[in-house]
Amino acid sequence: RKAAVVNWDPVDMTVLANEQVIDGKGWRSGAAVERRELTQWFFKISDYSEELLSALDGLTNWPEKVRLMQANWIGKSRGLQFAFDMVGAPAGFETLEVYTTRPDTLMGASFAAISPDHPLAKALEADPKVAAFLAQARLGGTTAEALETAEKIGFDTGIRVKHPLDPAWELPVWIANFILMDYGTGAIFGCPAHDQRDFDFATKYRLPIKPAFLGEGMADAPMAEAYVPMKSERVTYVRGFAGAETQTGDEGVATAIAHAETNGYGKGVTKFRLRDWGVSRQRYWGCPIPVVHCPTCGVVPEAKANLPIELPYDVSFDIPGNPLDRHPTWRDCTCPKCGTKARRETDTMDTFVDSSWYYARFTAPRATTPTVAEEAAYWMNVDQYIGGVEHAILHLLYSRFFARAMHKTGHLPAAAIEPFNALFTQGMVTHEIYKTTDAAGRPVYHLPEDVTVFNVADRRIVVPGNVPPPVDMIDDVDAFIRALSDEGLLVEVIPSAKMSKSKKNVVDPMNIIAAFGADTARWFVMSDSPPERDVEWTASGAEAAFKHLSRVWALCSRIGDMPADHKGEGDEELARATARAIDEVTRGIEGFAFNKAIASLYAFTNTLAKANASTAPMKEAIRTLAKLMSPMTPHIAEEVWSYQGGAGLCAQGPWPKADPALLIDDTVTLPIQINGKRRAEISVPKDMPASEVEKLALADEDVIRFLAGQPVKKIIVVPGRIINVVV
RNA sequence: GCCCGCGUGGUGGAACGGUAGACACAGGGGACUUAAAAUCCCUCGGCUGCAAGGCUAUGCCGGUUCAAAUCCGGCCGCGGGCACCA
C-alpha cells in the first residue's frame with residue numbers, strides 16, 4: 001500500500017467540487033454545483049507532454065486509434081504569446097499576457113477578454129458589479145450539455161489595452177465566462193471574424209467584426225458566422241502585416257510569429273492541452289498521500305522510515321464524506337522535521353495511481369522496496385497488454401508517465417519507460433436489458449434468466465417470469481400486447497449494452513458453468529466475434545457450443561474404440577486436413593483471431609467425424625484436435641488427450657507443428673473468369689507454367705461456350721489464384 | 001463543432017485487390033421415434049428456371065482496374081473519442 005512519490009508540489013487550483021466533497025454535509029443528488037478553490041495534490045505530468053507525445057510514434061504494436069486518442073488528448077499547438085500594455089488597470093497589472101494560435105488575425109482584434117478566474121478579475125472583485133458578474137459566471141453546470149448550451153456572458157471592465165501593432169489603437173478588456181483559466185494564459189484577444197465564440201460574443205455585445213483575411217477570390221461582405229478555414233488553406237489577407245498577401249494560414253502564422261519576435265512584442269510558444277494530473281481524492285479508499293501539515297514547518301513529506309502510511313481500519317461510513325477527516329487518532333502525528341504535533345494529509349490518491357505501476361510491482365511482489373532493479377530489468381516490459389478501449393487515454397497515459405517517473409526516481413530501468421510493448425483493446429460481452437416499471441413509475445430491471453422471450457406473428461414479446469403464455473390461443477396480437485402492457489407485464493427491451501449489475505443485463509458465469517461447464521463458456525465467448533469487438537451473449541450460442549463439445553467427446557470415444565489394425569481410406573487427405581488445421585488455428589490464435597481459429601476447429605472436427613481413415617491417422621488427428629482446442633477448452637482437451645493415450649498433459653507438451661509438405665496441394669483449382677465474371681474452373685498441377693494454364697483454360701468447354709467465338713483480347717493468369725479472360 | 005472508425009444474408013461473422021457469404025446461430029424439410037427430446041441427413045442472400053443454369057447482390061452515387069466488400073472521391077446512416085483549448 002504505497003506509491004512512488006514524484007514531484008510533490010501543493011498547487012492552488014480551481015477545481016469543481018460538489019457540496020458533499022467540500023464539507024461532508026449534503027449528499028442530495030442534483031445538488032447545486034459551485035466552483036470553489038481547494039488545495040489539491042498534482043502529479044506534474046505536463047512536464048512530459050512533449051515526450052509522451054513524440055514517443056507515441058515508437059509504439060508500433062499499439063492500435064493506431066489509441067495512439068491518436070492520446071495525441072489528441074495531449075493536444076500540442078504552436079502559437080504566439082504576447083503582452084498587451086494595459087491602460088487603467090489596478091497597480092501590479094501593467095500588462096496582459098495572451099496566447100493565440102492565429103497571430104495572423106491580430107489586425108482583426110476587437111477586444112481582449114479574461115477568464116473569471118484570472119488574477120486581474122479577482123483584483124477587480126472589490127467592485128460589487130464585478131463581484132456580481134463573477135458569481136453569475138461561476139454558476140452553471142459542468143456537464144457537456146450544460147457547457148454546450150451555456151450562454152456567453154461578459155462584463156466590460158473599462159480597462160483598455162494597446163494593440164501591439166498600433167499603440168494608438170485601444171481595445172476594451174472584458175471578463176468573459178467562456179475563457180478558461182487552465183489553458184494558455186487565461187486571457188485572449190478576441191477576433192470575431194475568425195473565431196465562432198468571439199463572433200457570438202461580439203454579436204451579442206455589439207463589438208466590431210473585422211476580417212483579417214478572406215477566402216481566395218472572395219469579396220469583403222458582412223458575415224453570418226466566423227470564417228475559420230483550415231490553416232492549410234490559402235487565404236488573402238486584407239489586414240495582413242507579415243508575409244505575402246495571399247498565403248496559407250500556416251504561412252501566415254509562421255510569418256506573424258517571426259514578425260513579433262523580430263519586433264520584440266511577442267514570442268512563438270508551444271502549448272499543450274494536457275493538464276497536470278490531480279490525484280487528490282476526498283475519499284477513504286485510496287493510498288494516503290504521505291504528507292504532514294506542520295504548524296511551524298508547513299507542508300512536510302513524511303519521513304521515509306514511516307512509509308508506507310497505512311489507512312486505518314476502524315472507520316465508519318455512516319456519515320457522508322471522508323472518514324479520515326473525522327478519525328480521532330489517524331490524523332494526529334508528529335512533524336518529521338521538527339517533531340511537534342502535526343496533522344496528516346487526509347486526501348488520498350486517485351486509484352489510477354495504483355494501476356499506473358502495478359505491472360512494475362508484479363516483477364517483485366514480495367520485495368520490501370517498490371521494485372527490485374534486477375527483477376524489473378529481467379521482467380519488464382509487459383509483452384502484451386490486453387484491456388478495454390475505455391482505458392485508451394487515462395490509464396494508459398498515466399502508466400506511460402509513471403514508468404518515466406519511476407525511471408527518474410531509480411525504480412525502473414531506462415528500457416521500461418514505455419511499459420507496454422504491445423497493446424490489444426478487447427471488446428465487451430453485452431446483453432440486452434429487460435425493464436418494466438413499478439406502480440410508482442420507477443424502473444425495475446430483470447435478469448435474462450427471469451424473463452420469457454417468445455414470438456407471436458413475428459412479434460417478439462418479453463414477459464417477466466418463466467412461464468410462456470399459451471401462444472396458440474392468441475389471435476389478436478395487438479390486443480394481447482395491450483393487455484400485457486396494462487397489467488405491467490410487458491417487458492421493455494433496451495438494446496444490448498455492456499453487462500452491468502445495476503441494469504441486471506448480466507449472465508452469471510456460475511450459472512453457465514453449472515449448466516454447461518467452463519469450457520463451453522470460454523468456447524462460446526471466443527467463437528463468434530473477433531475479440532476487439534463486443535460479443536452479444538445469447539443462450540442459444542452457449543447451447544450450440546455445448547453441443548459441439550459433446551460431439552467432440554462422442555468422436556473421441558468412437559475413435560478410442562477403433563481396433564488398432566483398422567485400415568481405412570483417405571489417410572493422406574486426413575493428414576493434410578490435420579496439417580491445415582494446425583496451420584490455421586496457430587495463425588488464428590497468434591493473430592488474436594480466435595473466432596477464425598474456432599471456425600477452423602469446427603471444420604476440422606467435421607472432417608474428422610466424416611473421415612474413415614486408418615486408426616493411426618485418426619488417432620493422430622484427434623490428439624492434434626485436443627492440443628489445438630486446449631487453449632480454449634482445457635478440460636475437455638485434457639480428457640481427450642488422456643483418453644487417446646497422450647503422455648502427460650497436453651498443456652505441458654509442445655504445440656503441434658504442421659508439416660509444410662502437407663500444407664501444399666499438388667493440384668490447385670483455378671476459377672476462370674470471363675470479363676471478370678466467374679464462368680468455369682479447372683484443376684491444374686500447382687507448378688504448371690502460366691502458358692500451359694492459358695492453353696488449358698481456353699480449351700475448357702465452358703469457356704469455349706461462353707466465348708462463343710469472340711476473339712480473346714487478353715488473358716491474365718495469377719498463379720495459384722485465378723485466370724481472367726478478357727474479350 | 002472537431003478528430004477517428006464502421007456499414008456484407010434473418011443473426012454473429014469469413015474473404016493477401018482475385019470463386020462474396022468460410023464457420024456458426026436461427027429458420028425450412030426429412031430420417032429415427034407411439035410421441036417428444038436428443039441425434040443424424042438435406043436445404044438455406046434475392047429474382048428467375050422443370051433442370052442444367054442465368055441474372056442480381058457487400059449502405060447510396062461515381063471513379064481507378066483485366067478484376068473492387070477491399071483502393072479513390074462525394075453523399076447517407078451508425079458508433080467511439082474530444083470539446084467554449086483561443
Side-chain angles (χ1 to χ4, degrees), chain A residues 63-73 75-77 79-81 98-103 105 113 115 144 146-152 176-191 194-198 200-201 225 228 230 271-275 389-390 392-393 455 458 524 527-530 532-545 547-548 550-551 554 584 588 593 595-606 609 669-681 702 713-727:
Chain A
E64 188 57 43
K65 177 195 167 103
V66 172
R67 290 193 282 162
L68 209 106
M69 279 163 69
Q70 292 211 354
N72 290 342
W73 183 265
K76 184 179 182 175
S77 72
L80 177 73
Q81 187 161 329
V98 299
Y99 172 73
T100 176
T101 55
R102 290 310 295 255
T105 66
S115 163
L147 285 173
E148 205 169 339
T149 52
E151 203 190 343
K152 289 181 177 52
N177 67 337
F178 66 94
I179 311 298
L180 303 175
M181 192 58 218
D182 300 337
Y183 186 78
T185 61
I188 59 143
F189 85 84
C191 179
H194 303 298
D195 183 287
Q196 191 56 45
R197 294 156 304 178
D198 296 350
D200 297 341
F201 192 75
E225 57 179 14
V228 192
M230 302 252 287
K271 296 260 183 216
F272 294 91
R273 221 179 59 94
L274 181 65
R275 296 202 269 141
V389 230
E390 68 270 23
I393 295 172
N455 292 289
D458 290 337
F524 167 64
S527 67
D528 255 23
S529 290
E532 65 272 19
R533 247 182 270 189
D534 294 348
V535 196
E536 166 83 13
W537 181 274
T538 61
S540 64
E543 271 165 40
K547 282 184 196 170
H548 177 74
S550 306
R551 275 195 292 270
E584 288 174 6
N595 58 324
K596 284 194 266 174
I598 288 178
S600 301
L601 287 170
Y602 267 110
F604 180 47
T605 307
N606 290 342
T669 303
L670 291 180
I672 303 172
Q673 294 183 329
I674 292 169
N675 285 342
K677 290 199 177 195
R678 183 187 162 280
R679 296 300 183 188
E681 58 181 39
D702 283 331
K713 281 196 199 130
K714 197 172 170 185
I715 180 160
I716 291 131
V717 178
V718 184
R721 292 231 73 109
I722 205 162
I723 303 155
N724 194 7
V725 181
V726 186
V727 293

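Throughout, a chain's letter reflects where its sequence line sits, starting with A, and its residues are numbered from 1. Reckoned from all heavy atoms, side chains included, excluding hydrogens, waters and symmetry mates.
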- Message: Let me check I have this right: for RNA chain B, each base becomes ., (, ), [, ] or |, based on Watson-Crick or G-U pairs with both distances under 3.5 Å. What is the full string?
- Response: (((((((..(((.....[....))).(((((.......))))).((((....))))..(((((..]....))))))))))))....

- Within this structure, what is the CG-to-P distance between A:Asp182 and B:A86, rounded to whole angstrom? 14 Å

- Using a heavy-atom cut-off of under 4.0 Å over every strand shown, decide if A:Val718 touches base, sugar-phosphate, or nothing. base

- Given atom OH of A:Tyr99 and atom P of B:A86, what is their separation to the nearest angstrom? 7 Å

- Task: Using only side-chain N and O atoms of A:Tyr183, determine if any of them is under 4.0 Å from OP1 or OP2 of B:A86.
- Result: yes

- Message: Any side-chain N or O of A:Arg533 below 4.0 angstrom from OP1/OP2 of B:A14?
- Response: yes

- Query: Do we get A:Lys152 above A:Phe201's six-membered ring, with its NZ or CZ under 6.0 Å from the centre and within 45° of the axis?
  - Reply: no

- Task: Would you mind classifying the nucleic acid contact of A:Lys677 as base, sugar-phosphate or nothing, using non-hydrogen atoms under 4.0 angstrom?
- Result: sugar-phosphate

Identify all pairs in which a protein N or O lies below 3.5 Å from an N or O of nucleotides 19-23 of chain B, and state each distance.
from  : atom 1 : to       : atom 2 : distance (Å)
B:U19 : O2     : A:Arg678 : NE     : 2.8

- Query: Which value, in whole Å, describes the distance between the P atoms of nucleotides B:U34 and B:C44?
  - Reply: 31 Å

- Is there a side-chain contact between A:Glu225 and A:Gln196 (heavy atoms, below 4.5 Å)? yes

- Task: Could you check whether A:Lys547 gets within reach of a base, just the sugar-phosphate, or nothing at all, counting any heavy atom under 4.0 Å?
- Result: sugar-phosphate

- Note on the structure: Between CZ of A:Phe178 and P of B:C84 the distance, given in whole Å, is 13 Å

- Task: Can you label the angle between the A:Tyr183 ring and the A:Tyr99 ring as parallel, tilted or perpendicular, going by 30° and 60°?
- Result: perpendicular

- Residues at least two apart in sequence or cross-chain that pass side chain to side chain contact (heavy atoms under 4.5 Å, CB included) with A:Lys547, listed by chain then number, are A:Arg551

- Task: Could you tell me whether A:Ile715 contacts a base, only the sugar-phosphate backbone, or nothing, with contacts defined as non-hydrogen atoms closer than 4.0 Å?
- Result: nothing

- Query: Atom CG of A:Asp195 and atom P of B:A86: how far apart are they, to the nearest Å?
  - Reply: 9 Å

- Between A:Leu180 (CG) and B:A86 (P), how many Å, whole number? 10 Å

- B:G54 to B:G5 separation - P atoms, rounded to the nearest Å: 40 Å

- Task: Select base, sugar-phosphate, or nothing to describe what A:Arg679 touches, counting heavy atoms under 4.0 Å on all strands.
- Result: sugar-phosphate

- Query: To the nearest Å, how far apart are A:Ile716 CD1 and B:C66 P?
  - Reply: 7 Å

- Message: Taking 4.0 Å as the cut-off, does a side-chain nitrogen or oxygen of A:Ser529 come that near to OP1 or OP2 on B:G12?
- Response: no

- Separation of A:Ile674 atom CD1 from B:G18 atom C1', in whole Å? 15 Å

- Taking atom P of B:G1 as reference, at what distance in whole Å does atom CG of A:Asp200 sit? 14 Å

- Minimum-distance nucleotide (side-chain atoms of A:Ile393 versus B:G81, B:C25, B:C84): B:G81

